[in-house]
Each structure stands twice: as C-alpha cells, then as structure tokens.
There are 2 protein chains.
Amino acid sequence: MSQESPTFSPLYRQIKSLILQALESGEWRPGQVIPSEQELATRFSVSQGTVRKAIDEMAAENLLVRKQGKGTYVASHNDPRAMFRFLRLVPMDGDLSHPQSVPLDCWRAKAGQEASRMLGIEQGAPIIILRRLLRFGTKPVVIDEIYLPGEIFQGLSMETLQGWSGSLYSLFETRFGLRMIRAQERIRAVAADRSTGEALKVAEGTPLLSVERVTYTYGDKPVEWRRGLYSTAEHFYLNELS
Amino acid sequence: MSQESPTFSPLYRQIKSLILQALESGEWRPGQVIPSEQELATRFSVSQGTVRKAIDEMAAENLLVRKQGKGTYVASHNDPRAMFRFLRLVPMDGDLSHPQSVPLDCWRAKAGQEASRMLGIEQGAPIIILRRLLRFGTKPVVIDEIYLPGEIFQGLSMETLQGWSGSLYSLFETRFGLRMIRAQERIRAVAADRSTGEALKVAEGTPLLSVERVTYTYGDKPVEWRRGLYSTAEHFYLNELS
DNA sequence: GAGTGGTCTAGACCACCAC
DNA sequence: TGGTGGTCTAGACCACTCC
C-alpha cells in the first residue's frame, strides 16, 4: 500500500502554492492584508496549523509579512523598510540615510545576444535601456545600466522616472504591477573608463565593483538585467554569510 | 493583569538557548547526532512540538542539520557539502570542483589597532598571521591574509597547515574545537600591488576584489579577521538576494 | 519492526492591536 | 471587547533509515 510517490508534496506546500497563485493573480495587492489564517483554513478546508506553516515559509521568503495583532500583509517595495532591500552598499562612516536615484537616459532598443539570454526573451525583441545614478547625499556612488523587457514596461519613459521619488522597484510595482521577488548578483572588479569616471567623479582606471544583477518575479521569471558600477572609495558592499 | 514584559521570551526560545548551551559546552560534537526530539522533550519537560520549533530555528541558522529517519546532527565544516560554505567565488565556466588551499606563511605577532578592534582583543595581545593562496585547479585566484587570536590558536604552525587537505574551518574545528557560525564580508575594489600581482599572476594595477571578513563563533564572538584579494578574471563573487 | 524526523489536526491560551 | 497572529500541548499517522 506504500505510495511510492516521487512527487510527494505535503499539504502545506500545496496550500502554499495556492496562496502563491492568489498573489500572482493579483487577488491581494502589495501592501494589503490577506485573509486571516482561520479564513484561509476554511477556504482551503485544512486546519489553521497547516495554513500557518505555509505562511511561515512565505514570510521567510519575504513574500508575506506577518504583523501580530493586525494580520498578514503582501510584501511591497513601497514599504520604507524594504525600499532598497536589494542594495547592499553601505557608507563606511555608518550613515544610514537612503540613497537617491537620478535617471540619466532612457531609450528603446532590440535585445542583443546577452540581453536576450539574461531576460529569457527572443533576440531582437524590444527592450528598454535605462541609465541612472545613485547618490548618497551629494556623492555619486553607483552608475547603473538597466535592461528591461519592452513588452512588460510599455510606456516607461524619462518623464515617468523623473516624477518618482522612491526606489525603482517601488515604481515598477506601482506602475507596472511587477513584483521583484529575488535577485542574483555576480560581482567582479573592473577599471573605470573615462565616462564612468566622470560620472562617479573618480579618475579613469580607478578600480570599481561591477555588479551584474538578474532580478526575478513570480515563477522565477527574469524581468530585469542590470549592471552597476560601484565606487568603493567611501562605501562597501556588505554581505552576511551564514 | 497584563505582564508588561519587555523581556518576554517564548518557551521554545528558552529551549533553544539550552540546546545552544549544550552545543557550546561540547556535550555534542560537530558531525554527531544529538538526542531525539522526544528525548529532549522529556529532558526539558516540554512537548515534542516545542523542542521541534527550537530545532527548526537552529536548522535554519545552519547550527543543526536534520536528517529524516536518522536524527538531528551538529553542523560541521568537515561535512563535504559545507566545506567551503562561506566562499562565494564561482568559476565563470561553471566548473564545480573545490578549490585548494596552499599555505604561504604563518607567523606570530602582536595585535595592532585594527586587529584588536576586529577581534575584540587587547592591543598588543598575541595574534597569529597566516597567508595562503586559494587555487581552482592550477589557477591562483585568491590570496588571503588571516588574523587569529593567539590565545585560541595555540600551536598553529606551517606544519599543521601543510598536513591538512580540507578547508581552513574544518581544520579549526577539528584541531581547535572552534566552530565558525556566521561571518560578515565587506567588499571593495582595489588595484593589485606588485607582490599580489605576482602571486595571482596578474599585472600590477589590475582591479581586484578586496573581501574583508570577520567570522564569529558562538555568542557572536569574533575569532577570525581576514582580508582576501580575489582575481575576477575568470571567477566572480556570487550573491543571492531575497 | 523499531526509531527517527515530518505532517496534520484540534483545542486552549497568550500577546498585540484597533476600536 | 473582539479579532489577529503567536505559543504550547497531545495525539495520530506518514516517510525514511537501519537492522
């Protein structure tokens, strides 16, 4: 009678994927409360404990945020505490103020070989390329070149960017309904070329961090590819290992 | 009647700290099984579920490793799957082979200002300084300078290092009973000086990653400070963000 | 078959929040 | 005061490992 099930999946994982579906479908939007554990338990015909375990995992993955006494919320990049969730750069003097994003350029193009591979789209498909500067106080510290699938980001323009004071991902979430879930960064050291040096106010040839990031939305779908050049004269990239 | 308890700590956290104590005291050694959940529940006079929750957290923190049907084990850097747990450097060609550690120098010194601050010891306290090369295949990729508190690492010498084929942390664990729990890395970009360039076989001035790491054992006690210079010509530092 | 961790349930009570 | 998540318990059963 043993099931011999190589695809065995516990109930709470099935519930988890049902909740995930509801999130993907937009049934509950970022920043909003989702139904209480008891309600979800009734809806899915399982015990509260099973829903609880599903939500536990999703909270650990930063998809949901629990607030005791209030409810469980859909994680949002609009939340001040999560605005620069993926930015690991920290000032050496310990200043905790948020950086400011300054858009430089924004134009349309067709995906080349690299962009198509990174974004999982066809070569020649429309993309949007975006350049921006990140400033801590008055100091320019990062220059980013960002590649986005044109199909998803229709209508993105310099005007859109200039009228936004928060983080890019909060803009993407609010304007394009796109939620960034996780990212992967590949870091190398490179020398500043002349134009980059000018933008970051460092000498040509200065060593910089090259940070290539691919960002994923639901279903592990890549929706952003960017390359950042970080000046580490007064900042460093902080990483916790465990 | 409300408790107004700013120091409220749920039972499972108290159990967790009791298990932590047992780990620290060496009651169970790395790689060994700890008692079953049921046994621990009896020992601490709580339900199995409470022990379970305590162990869940410790497993999430990589302190314990659960193995269904077998038991729960104390995490160990001797475990092949965890040998280079803290090394984020990955070859660009996707080669998965483990790096090899080649000791270069090992000498005794007194802690200067920086080492004493990083290691939380007195200035002038004895330290051991260690230099080593990390090779992927035949390629030299990382050169590390490692500062260790002399008090803990008594007897560490070139002979010790040369007679060891695994990772440094597995040596530390086995020979000095010191378990590395977590670490914090600060990454910057720097230019190779002449001697570093020679060691890594790159031209002087080549941009390198400077990775400063402080490593902690139980009780958040710092026990290692190191600075690594990474050649990123054929490798990159990989970081997962979520 | 015996022992381990893994899942699921049901119920009681606590801590926190809003009204 | 009522609703939410958070803790704790007890018991049943499942999946995995080893003998």
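All figures in this text were calculated on a predicted structure; none of them were measured in a lab. Every heavy atom of this structure was used, including side-chain atoms; hydrogens, water molecules and symmetry mates were not. In what follows, every chain begins at residue 1, and chains take the letters A, B, ... in the order their sequences are listed.
- A cation-pi geometry, defined here as NZ or CZ lying under 6.0 Å from the six-membered ring centre and within 45° of its normal, does not hold between B:R88 and B:Y237.
- Note: CD (B:Q32) to P (C:dT4) measures 16 Å, nearest angstrom.
- Checking C:dT7, D:dT7, C:dT4 against the side-chain heavy atoms of B:S36 singles out C:dT4 as nearest.
- With distances taken from any side-chain atom of A:L11 to the nucleotides C:dG5, D:dT9, C:dC8, the minimum falls on C:dC8.
- Scanning residues 54-81 of chain A for heavy-atom distances under 4.0 Å to DNA chain D yields A:R66, A:K67, A:Q68, A:G69, A:K70, A:G71, A:T72.
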Dot-bracket encoding of pairs in DNA chain C, which uses [ ] for pseudoknotted crossings and | for another strand, Watson-Crick or G-U under 3.5 angstrom: ||||||||||||||||||.

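- Within 4.0 Å (heavy atoms only), B:V33 reaches no atom of the nucleic acid at all.
- The OG1 atom of B:T232 lies 13.5 Å from the CZ atom of A:R186; values are rounded to the nearest 0.5 Å.
- Residues B:R43 and B:E27 are paired through a salt bridge, judged by an N-O separation under 4.0 Å between the basic side chain and the carboxylate.
- Distance CD (A:Q38) to P (D:dG3): 12 Å, rounded to an integer number of Å.
- Classified by interplanar angle (parallel below 30°, tilted 30° to 60°, perpendicular above 60°), the ring pair B:Y169/B:H77 is perpendicular.
- The nucleotide whose nearest atom lies closest to any side-chain atom of A:F8 is, among C:dT9, D:dA15, D:dC8, D:dA15.
- In this structure, of D:dT7, D:dG5, D:dT9, it is D:dT9 that holds the atom nearest to the side chain of B:T50.
- When the side-chain nitrogen and oxygen atoms of B:R52 are compared with OP1 and OP2 of C:dG6, one or more of them lie within a distance under 4.0 Å.
- For A:L64 against A:V74, the heavy-atom pair with the smallest separation is CD2-CA, 4.0 Å.
- Atom CD in A:E37 sits about 12 Å away from atom C1' in D:dG3, given to the nearest Å.
- Between B:F172 and B:F176, the two ring planes are perpendicular [angle over 60°; tilted spans 30° to 60°].
- Protein atom CZ of B:R13 is 15 Å distant from nucleotide atom P of C:dA15, rounded to whole Å.
- Look at A:E185 and A:R213 and you find a salt bridge, because one of the NZ, NE, NH1 or NH2 atoms lies within 4.0 Å of a carboxylate O, short of that distance.
- A salt bridge links A:E61 with A:K16: at least one charged nitrogen is closer than 4.0 Å to a carboxylate oxygen.
- Protein atom NZ of A:K53 is 12 Å distant from nucleotide atom P of C:dT9, rounded to whole Å.
- Rounding to the nearest 0.5 Å places CD of B:E224 at 12.0 Å from CD1 of B:I128.
- The distance between atom CD of B:Q48 and atom C1' of D:dC14, rounded to the nearest whole Å, is 13 Å.
- When the P atom of C:dT9 is taken as reference, atom CZ of A:F44 falls 13 Å away, rounded to whole Å.
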